[in-house]
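Below you'll find the structure, written out as structure tokens, and then a few comments.
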Amino acid sequence: MENGRTEPGELIALEDRWGAHNYRPLDVILERASGVWAYDTEGKRYLDCLSAYSALNQGHCHPRIVQALQEQAARCTLTSRAFRNDQLPHFVADLARICEMEMVLPMNSGAEAVESAIKAMRQWGYSSKGIPAGRAEIVVCANNFHGRTTTEIGFSSEPLYRDGFGPFTPGFVSVPFGDSEALEEAITPNTCGFLFEPIQCEAGILIPPDGYLSDVAEICRRNDVLMAADEIQTGLGRTGYMFACQHEGVQPDIYILGKALSGGMYPVSAVVSSAGILGLFRPGSHGSTYGGNPLACAVARAALRVIEEERLAERSAELGAWFLYELRKLRHPHIREIRGRGLLVGIELMVPARTYCERLKELGMLCKETHDYVIRLAPPLIISEEELSWAVGQVAKAFEA
Ligand SMILES: *Cc1c(COP(=O)(O)O)cnc(C)c1O
């Protein structure tokens, strides 16, 4: 039967019967979306306040990105890196300029970009820092989220991500997030890098104390350790700057990007760094069949152009400040704290957040709880003031009920 005519209950049954159950989605079946709005199979519309974990900073189906996708899809989609293509050069040049960096390594998923950054840091550790073979260490933070590969979950502190999936890759040391002294103590002569999120999103929108990022930059520089910022979720305008590290004027050695790099249109990720680090890769030492394909590059170029030309980082800063100010007027015994940077806001509750997310869904707003007790509010950055003000009203209603 054609997808559009299948009853919602039947669609859910099909998915649950044939699909692996590695997610527990809200029972809303989306079939089309535009800008900040998504529509279910019954035609009910919802304000998307998750934005696919910030992959949709540019909004759903942004016309300029759709156009780039359609045009490139009809022209040339995949060449493999065995040959050159005419889109990749523009993409890497644009992204390097935006990051104020020298080199770009294009990949597909965020998890793959993190893996690639780990390889880059280790390689630099051996060939530039002189770490003995097989001894490189990378410091990570407790409560991190860097993706789902076996290496990445191996240095996660979340039992749900790890349990039953070992054995894991050695060479990682964990320190508390937001504690720069702990980082300094964990560094040894074999440490090649520090991998961190400038704001821990999956852990519940945890914002480090002021001065943390600049302290980290200073500690890494002094100890000859690479500072690798996983900005897959916080980057590309989400927190009110192009990159969350810029809140403290910090330029890390490595940016890891994904999600909004393609505006929700296609999986595109990248590691962005200096020639001294990414320049160490030799032909054959790393690769990806789809990484840097012309379709991905054309889409990413359009996605980046939208972020810059529509001034999405500035919008996020302005609208986010207002949003946070309005939300903080809410008074309810279940609300423990409301925090945020730009249009990345967490409402931490004293009770599990799922009930509130279900209630908001009924009120026409899509949100997902993060770390059980936090409602994450992260609408597309193209949201209008009116729509944002409507969102504040719906959140208030959810807490009145
Ligand atoms: C989403 C995310 C990843 C993983 O990206 P995928 O595309 O899901 O593999 C890694 N790090 C952070 C901070 C993320 O938010």
Side-chain angles (χ1 to χ4, degrees), residues 99-102 113-114 117-118 120-122 124-125 128-129 131 136-146 152 155-157 171-257 271-274 276-277 313 316-317 320-321 324 337 339-342 344-346 348 371:
C99 296
E100 298 177 47
M101 295 270 197
E102 296 167 348
V114 172
I118 291 168
M121 285 191 276
R122 286 180 167 184
W124 173 88
S128 291
K129 187 169 173 172
I131 297 172
E137 288 164 12
I138 292 172
V139 183
V140 299
C141 293
N143 306 315
N144 68 68
F145 181 81
H146 294 292
E152 288 154 6
F155 57 75
S156 161
S157 51
F172 297 91
V173 179
S174 181
V175 298
F177 179 62
D179 182 345
S180 54
E181 281 177 26
L183 166 63
E184 179 124 46
E185 282 165 23
I187 292 174
T188 74
N190 292 337
T191 306
C192 61
F194 176 53
L195 172 65
F196 71 101
E197 302 150 90
I199 293 174
Q200 288 189 324
C201 298
E202 295 316 299
I205 320 293
L206 302 184
I207 303 172
D210 287 344
Y212 177 65
L213 299 176
S214 46
D215 288 348
V216 164
E218 190 277 320
I219 291 166
C220 287
R221 200 170 308 122
R222 184 155 40 76
N223 290 283
D224 202 18
V225 164
L226 301 179
M227 178 178 184
D230 179 346
E231 293 241 22
I232 291 170
Q233 193 161 160
T234 54
L236 303 174
R238 172 52 62 187
T239 71
Y241 280 94
M242 187 59 91
F243 302 107
C245 284
Q246 294 171 332
H247 282 281
E248 295 195 19
V250 164
Q251 174 79 337
D253 298 295
I254 298 175
Y255 275 130
I256 306 169
L257 303 176
V271 183
V272 190
S273 184
S274 65
I277 297 163
S316 176
L324 195 58
E337 189 188 39
R339 53 183 177 257
R341 283 262 196 283
L344 177 64
V345 171
E348 181 169 342
H371 225 255

query = Passes side chain to side chain contact (heavy atoms under 4.5 Å, CB included), I232 versus V114? Steps please.
reply = CA-CA 9 Å; I232 291 170; V114 172; 3.8 Å; yes
message = I'd like to know if E184 pairs up with R222 as an ion pair, taking the criterion as any Lys NZ or Arg NE/NH1/NH2 lying under 4.0 Å from an Asp or Glu carboxylate oxygen.
response = yes
message = Under a 3.5 Å distance rule, please check whether E248 uses its side chain to pair with a backbone N or O of L213 as donor and acceptor.
response = yes
query = Below 4.5 Å, heavy atoms only, C-beta onward: do L195 and F172 meet side chain to side chain?
reply = no
request  = State, to 0.1 Å, how close A142 and S174 come at their nearest heavy-atom pair, and which atoms those are.
outcome  = N-OG, 3.3 Å
query = Taking all non-hydrogen atoms of both residues, which atom of V250 and which atom of A217 are closest, and how far apart?
reply = CG1-CB, 3.9 Å
inquiry  = Determine whether M242 and L236 satisfy the following criterion, side chain to side chain contact (heavy atoms under 4.5 Å, CB included), listing intermediate values before the conclusion.
reply    = CA-CA 5 Å; M242 187 59 91; L236 303 174; 4.2 Å; yes
message = Rounded at 0.5 Å granularity, tell me how far CG in D253 sits from CE in M227.
response = 8.0 Å
note = In short, A229 meets C245 closest at the heavy-atom pair CB-SG, 3.7 Å
query = Quick check: does any side chain N or O of E197 sit under 3.5 Å from a backbone N or O of F145, one acting as donor and the other as acceptor?
reply = yes
Pairwise distance CG(L226) to CZ(F194) - rounded to 0.5 angstrom = 12.5 Å
request  = Kindly give the heavy-atom pair with the smallest separation between F177 and P198, and that separation in Å.
outcome  = CZ-O, 3.8 Å
message = Could you measure the distance from the OG1 atom of T234 to the CD atom of Q200? Nearest 0.5 Å is fine.
response = 11.0 Å
request  = Side-chain contact test, heavy atoms from C-beta onward, threshold under 4.5 Å: evaluate it for T239 versus I199 and give yes or no.
outcome  = yes
query = Within the distance-only criterion (no hydrogens, no angle test), does the side chain of N144 pair as donor or acceptor with the backbone N or O of F155 below 3.5 angstrom?
reply = yes
task = Evaluate whether atom CD of E102 has more than 12 neighbouring non-hydrogen atoms of other residues, nucleotides or ligands under 6.0 angstrom away.
result = yes
message = Keeping S157 on the side-chain end and N143 on the backbone end, is there a donor-acceptor pair under 3.5 Å?
response = yes
note = Closest non-hydrogen contact found for H146 with D230 is ND1-OD2, 2.8 Å
task = Working to the nearest 0.5 Å, report the span between CD1 of I205 and NE2 of H371.
result = 11.5 Å
task = For the pair K129 (side chain) and C192 (backbone), establish whether a donor and an acceptor sit closer than 3.5 Å, ignoring hydrogens and angles.
result = no
key: Separation between SG of C141 and CG of D179, rounded to the nearest 0.5 Å   = 9.5 Å
inquiry  = Test your reading of the model: is there a side-chain donor-acceptor pair from E231 to the backbone of A244, 3.5 Å cut-off?
reply    = yes
query = Sub-3.5 Å donor-acceptor pair from the side chain of Q251 to the main-chain atoms of C99, do we have one?
reply = yes
Straight-line distance of D215 CG to C220 SG, nearest 0.5 Å = 10.5 Å
remark   = Here the pair of heavy atoms bringing S180 nearest to Y212 is N-CE1, 3.7 Å
request  = For side chain to side chain contact (heavy atoms under 4.5 Å, CB included), just list the numbers for I138 and R122, CA-CA rounded to whole Å, side-chain angles, deciding distance to a tenth of an Å, and then say yes or no.
outcome  = CA-CA 8 Å; I138 292 172; R122 286 180 167 184; 4.2 Å; yes
